Amino acid sequence: MKVERVVANAPGVVECCVIGTEHAHWGEAVTAVVLSDTVPARGEVGDEERERAQRATEEGILAYAREHLSGIEAPKRVEFVDALPKTTTGKIRKNVLRGLF
């Protein structure tokens with residue numbers, strides 16, 4: 001919850017959740033899954049422009065998280081989505097996201 005609150009306050013983040021994803025060295029790494037207002041949705045712009053926006057936004061989110069969290073808590077990577085999958089009651093379906101990443 002603490003990590004999600006910090007990531008949610010980072011510039012460019014509209015909505016987010018944090019999940020654990022496989023990591024070759026550590027076994028599992030903290031990964032932020034983000035819906036951002038600075039990254040265009042797929043199909044709105046070219047792939048190159050979207051990737052450039054993702055890189056810039058990811059750098060900003062990771063830097064913000066490192067300022068406000070300890071090294072072990074801070075996300076190691078950021079994944080961008082056009083929408084977060086939710087249940088009918090509005091909860092984010094983290095199990096679906098773990099399957100994607």
Side-chain angles (χ1 to χ4, degrees):
M1 295 298 278
K2 175 183 177 182
V3 177
E4 285 183 352
R5 275 186 263 138
V6 169
V7 172
N9 289 325
V13 176
V14 174
E15 192 174 21
C16 71
C17 76
V18 176
I19 58 173
T21 56
E22 288 186 34
H23 189 276
H25 180 72
W26 301 109
E28 195 170 68
V30 179
T31 301
V33 182
V34 172
L35 173 63
S36 176
D37 57 2
T38 59
V39 176
R42 295 181 205 289
E44 286 185 4
V45 295
D47 290 342
E48 192 173 301
E49 187 176 337
R50 180 176 160 84
E51 288 175 19
R52 194 177 11 234
Q54 284 178 331
R55 277 193 303 276
T57 304
E58 179 179 25
E59 289 172 7
I61 292 169
L62 294 176
Y64 184 88
R66 282 191 296 268
E67 287 177 20
H68 294 85
L69 297 167
S70 68
I72 197 165
E73 294 173 314
K76 305 304 178 249
R77 69 182 225 214
V78 178
E79 295 290 342
F80 294 95
V81 294
D82 295 337
L84 291 167
K86 295 184 180 180
T87 65
T88 56
T89 59
K91 288 180 145 183
I92 296 172
R93 297 181 63 196
K94 291 184 178 187
N95 60 324
V96 172
L97 292 172
R98 283 187 199 100
L100 296 174
F101 305 109

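Source: prediction; values computed, not measured.
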Go through it in stages, so that I can follow the logic: the residues are Thr57 and Thr38, the test is side-chain hydrogen bond (donor to acceptor under 3.5 Å, both in side chains), and I'd like the CA-CA distance, side-chain angles, deciding distance and then a yes or no.
CA-CA 7 Å; Thr57 304; Thr38 59; 2.8 Å; yes

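In terms of heavy-atom proximity, Pro85 sits nearest to Val96 at CG-CG1, 3.9 Å. When all heavy atoms of Arg50 and Asp82 are compared, the pair lying nearest together is NH1-OD1, 3.6 Å. In plain terms, the two heavy atoms of Ile72 and Val30 that are nearest each other are O-CG2, 4.1 Å. Annotation for Leu69 and Ala74: closest pair CD1-CA, 4.0 Å, computed over non-hydrogen atoms. When all heavy atoms are compared, the tightest approach of Pro75 to Leu62 is O-CD2, 3.3 Å.
Judged purely by atom type and a 3.5 angstrom limit, Arg93 has no side-chain atom pairing as donor or acceptor with the backbone of Thr87. Remark: the backbone N or O of Glu48 is not paired with any side-chain donor or acceptor of Glu51 at under 3.5 angstrom. When atom types are taken as modelled, the side chain of Glu58 and the backbone of Val78 share a donor-acceptor pair closer than 3.5 angstrom.
Between the CG atom of Asn9 and the OH atom of Tyr64 there is a distance of 4.5 Å, given to the nearest 0.5 Å. Ile61 contributes atom CD1, which lies 8.0 Å from atom SG of Cys16 (distance to the nearest 0.5 angstrom). Taking CG of Leu97 as the start and OG1 of Thr21 as the end, the distance is 11.0 Å to the nearest 0.5 Å. Atom CD1 of Ile19 is separated from atom CZ of Phe101 by 6.5 Å, given to the nearest 0.5 angstrom. Here NZ of Lys91 is found 13.0 Å from NZ of Lys86. Values are rounded to the nearest 0.5 Å. Here the CD-NZ distance, from Glu28 to Lys76, works out to 12.0 Å after rounding to the nearest 0.5 Å.
Of the charged side-chain nitrogens involved, at least one lies within less than 4.0 Å of a carboxylate oxygen, so that Glu4 and Lys94 count as a salt-bridged pair. A salt bridge links Glu79 to Arg77: at least one charged side-chain nitrogen sits closer than 4.0 Å to a carboxylate oxygen.
A 6.0 Å sphere centred on CG of Asn95 holds more than 12 heavy atoms belonging to other residues, nucleotides or ligands. Dense packing is recorded around CD of Glu73, with more than 12 heavy atoms of other residues, nucleotides or ligands lying under 6.0 Å away.
Cluster membership for Ile92 and Phe80, using ILVMFWY side-chain heavy atoms within less than 4.5 angstrom, is not shared. Linking ILVMFWY side-chain heavy atoms closer than 4.5 Å, directly or via other members, places Val13 and Val81 in two distinct hydrophobic clusters. Val33 and Val6 are assigned to two separate hydrophobic clusters, defined by single-linkage of ILVMFWY side chains at heavy-atom distances under 4.5 Å.
Note: Trp26 and His23 have tilted aromatic rings, judged against thresholds of 30 and 60 degrees for the angle between ring planes.
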